[in-house]
Every structure is written in structure tokens, then in C-alpha cells.
Amino acid sequence: MVKRTLLVLIAVLLVGGLAVSYWTGGIGMLDLKQIVIMKTDSFSPAEAVEVQRLDTQRELRVLSRAVGSAEARSGIVNISEPNYMVRAQFLFQPDRLYFFWAAESGDIAMMRTTDTHRLYTISIQQAEAIRPLLLRAGQ
């Protein structure tokens, strides 16, 4: 009986965690398998070139936190072509694509490919954490 209750509780937590991650658009760590960073100079996934795969827990956590803490900016989005396209690959969910812009000033912005009318900025602290991953991919 205890075993069955425990299994039901684990299933509810797993499904609940996946749903929250999916609907908020964040990259949840629960079933995140890997992150693929692609160099690009357009909004077309077909033109993106894979340059790096992140699959260590530390790397996945860094990018997951950055995306999860990004703040939406209101207004009309009129921006240049992205520097990077990032694909989050999950075990139990569809992949998610994000565009990233890394400015020389240190600022990093991102956009979900499913919502191109909203731009997100990444905090200075999180930008400092993910900048080495992006720069390493851009070499």
C-alpha cells in the first residue's frame, strides 16, 4: 500500500513538473536531456549550424536557470538576426527552440521561436554564467 501511494505521488510530481515547465516556457531540469547550441545569422533553423552540445548537469543547469529567469520586455520587437539558436531536447516533451543575441557589451537577450512578438532579457548574473558557453560555441 505504501509502495503504491509513493508511486502515485512520484507520478503526480513528475507530470506536474513537466506541465509547469512546458506551460511557462522555461527549460525545466526534470527531463532535460541535452542542449544544442547552433551558430546562425538568420531566423531560419535550416541555416543554423550545430557547434556544441551541452549535456553535463552543470551546463544544463546554467542554461536552464538563465532561460527560466529571463524577463519579458514589452513593446515592438524589431531586432537584428540572432547570433545563436538553442535547442533544448527533452526525454518526454517536444524540443524547444530559442534565439539568442549576445552583445559585446555583455547583454544577452533571447526569444522563444514559438513567440516571436516577445523579447526576453537575461540578468547580468545569468548572462555572465552562460556567456562562456555561447562564446565557446562561437569559436
Side-chain angles (χ1 to χ4, degrees):
M1 183 67 174
V2 172
K3 202 182 239 186
R4 185 176 189 196
T5 304
L6 185 59
L7 285 174
V8 169
L9 180 61
I10 289 171
V12 167
L13 291 174
L14 179 65
V15 171
L18 293 175
V20 168
S21 169
Y22 181 78
W23 291 113
T24 61
I27 300 178
M29 287 293 294
L30 198 57
D31 68 331
L32 183 59
K33 181 171 61 173
Q34 74 177 351
I35 292 175
V36 179
I37 299 178
M38 296 165 275
K39 190 79 173 130
T40 187
D41 57 2
S42 89
F43 284 95
S44 171
E47 295 180 27
V49 177
E50 180 181 326
V51 291
Q52 184 177 7
R53 288 179 180 257
L54 308 177
D55 56 10
T56 69
Q57 286 298 311
R58 188 192 77 65
E59 293 169 329
L60 296 177
R61 193 176 311 109
V62 166
L63 220 34
S64 176
R65 285 182 182 158
V67 170
S69 67
E71 294 183 27
R73 298 292 175 211
S74 59
I76 296 173
V77 176
N78 185 13
I79 49 176
S80 63
E81 304 293 330
N83 305 107
Y84 303 95
M85 184 177 296
V86 174
R87 177 187 311 275
Q89 296 177 329
F90 299 89
L91 295 173
F92 306 112
Q93 302 177 58
D95 291 356
R96 286 191 221 134
L97 283 172
Y98 302 87
F99 296 116
F100 276 79
W101 291 262
E104 290 181 17
S105 65
D107 295 333
I108 297 180
M110 62 162 260
M111 178 186 291
R112 296 181 186 128
T113 59
T114 57
D115 182 9
T116 57
H117 297 288
R118 184 169 297 148
L119 186 70
Y120 295 83
T121 56
I122 295 176
S123 73
I124 301 273
Q125 179 184 12
Q126 296 298 332
E128 288 174 358
I130 67 169
R131 179 171 275 297
L133 298 175
L134 295 175
L135 292 178
R136 191 171 71 204
Q139 295 176 350

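Heavy atoms only: backbone and side chains are in, while hydrogens, waters and symmetry mates are out. Residue numbers count from 1 along this sequence.
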* Full working for side chain to side chain contact (heavy atoms under 4.5 Å, CB included) between Asp107 and Thr121 -> CA-CA 8 Å; Asp107 295 333; Thr121 56; over 6 Å; no
* Are the side chain of Trp101 and the backbone of Glu81 linked by a donor-acceptor contact shorter than 3.5 Å? ->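 Flag set: sc Trp101 to bb Glu81 pair under 3.5 Å.
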* Distance-only, no hydrogens or angles: does the Asp95 side chain make a donor-acceptor pair with backbone N or O of Arg87 under 3.5 Å? ->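 Here the side-chain-to-backbone pair does not exist.
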* Compare every heavy atom of Ala88 with every heavy atom of Tyr98, then report the nearest pair and how far apart it is. =>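 Taking Tyr98 first and Ala88 second, the nearest heavy atoms are CE1-CB, 4.4 Å.
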* Among all residues two or more places apart in sequence or in another chain, which pass the salt bridge (charged side-chain N to carboxylate O under 4.0 Å, His left out) test with Glu71? ->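 Applying salt bridge (charged side-chain N to carboxylate O under 4.0 Å, His left out) to Glu71 gives Arg73.
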Nearest 0.5 Å, what's the [atom1]-[atom2] distance between [X] and [Y]?
| X | Y | atom1 | atom2 | answer |
| --- | --- | --- | --- | --- |
| Leu32 | Arg61 | CG | CZ | 11.0 Å |
| Leu54 | Lys33 | CG | NZ | 14.0 Å |
| Asn83 | Lys39 | CG | NZ | 5.0 Å |
| Phe100 | Leu63 | CZ | CG | 5.0 Å |

In residues 122-134, what donor-acceptor pairs under 3.5 Å come from side-chain atoms, sequence neighbours left out?
unit_1, atom_1, unit_2, atom_2, d
Ser123, OG, Gln126, N, 3.2
Arg131, NH2, Ala103, O, 2.5

* Those residues that, when tested against Thr113, pass side chain to side chain donor-acceptor pair (under 3.5 Å) (two or more places apart) ->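 With neighbours one apart ignored, the set is empty.
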* Asked: Who are the side chain to side chain donor-acceptor pair (under 3.5 Å) partners of Thr56, not counting sequence neighbours?
  ->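 Residues passing side chain to side chain donor-acceptor pair (under 3.5 Å) with Thr56: Glu59.
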* What residues form a ring-ring contact (aromatic ring centres under 6.0 Å, His included) with Phe99, not counting sequence neighbours? ->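 Result, ring-ring contact (aromatic ring centres under 6.0 Å, His included) vs Phe99: Phe43.
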* To do: Check side chain to side chain contact (heavy atoms under 4.5 Å, CB included) between Glu50 and all other residues, then give those that pass, not counting sequence neighbours.
  =>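 Side chain to side chain contact (heavy atoms under 4.5 Å, CB included) list for Glu50, sorted by chain: Val36, Met38, Arg53.
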* Asked: Are Arg118 and Asp115 close enough for a salt bridge, meaning some N to O gap below 4.0 Å?
  ->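 Looking at Arg118 and Asp115, the cut-off is met.
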